[in-house]
Amino acid sequence: MDFLYFPEDKSEYIPGIISVVIIFILSVLIVRLLVKASRKQVKQLEEQGYPVVYKDGFDAEKPNEDRMDPQEKVYKVNKEKAAREKPKS
């Protein structure tokens, strides 16, 4: 069973542990950067007037009364757009 190698000198585990810790830290940083970039894109879309729909309470910053069914939110935003674009006679 040469493919399973467990060294008696435990200091041989140190490089492996260091690489796992580095990879873990980098992966956490990448996920945080992706979430930050995603939130930035959502804010840009909201500023452009697109309805941004969250499912399962993704947007924890908004109070519960502001959350609604996605279809209702889209209907409400479209209704507001139509009211703004309504020609004045």
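Note that the structure is predicted; figures quoted are calculated from it, not measured. The figures that follow rest on heavy atoms only: side chains count, while hydrogens, waters and symmetry mates do not.
V42 and L34 fall into different hydrophobic clusters, where Ile, Leu, Val, Met, Phe, Trp and Tyr residues are linked whenever their side-chain heavy atoms come under 4.5 Å apart, directly or through other members. Connection of L26 to I18 is established within a shared hydrophobic cluster, with ILVMFWY side chains joined at heavy-atom distances below 4.5 Å, either directly or through further cluster members.
A donor-acceptor pair shorter than 3.5 Å can be found between the side chains of E12 and Y5.
For the pairing with L45, the side chain to side chain contact (heavy atoms under 4.5 Å, CB included) check across Q41, E47, Q48 returns one residue only, Q48. Among the candidates I23, V28, L29, the single residue satisfying the side chain to side chain contact (heavy atoms under 4.5 Å, CB included) test with I25 is L29.
Here the straight-line distance linking atom CD of E80 with atom CG of N78 works out to 9.5 Å at 0.5 Å rounding. Interatomic distance, D9 CG to I14 CD1, rounded to the nearest 0.5 Å: 8.5 Å.
Residue K40 qualifies as open at atom NZ: its count of foreign heavy atoms under 6.0 Å is 12 or below. Shown here is Y75, whose OH atom has no more than 12 heavy atoms of other residues, nucleotides or ligands within 6.0 Å.
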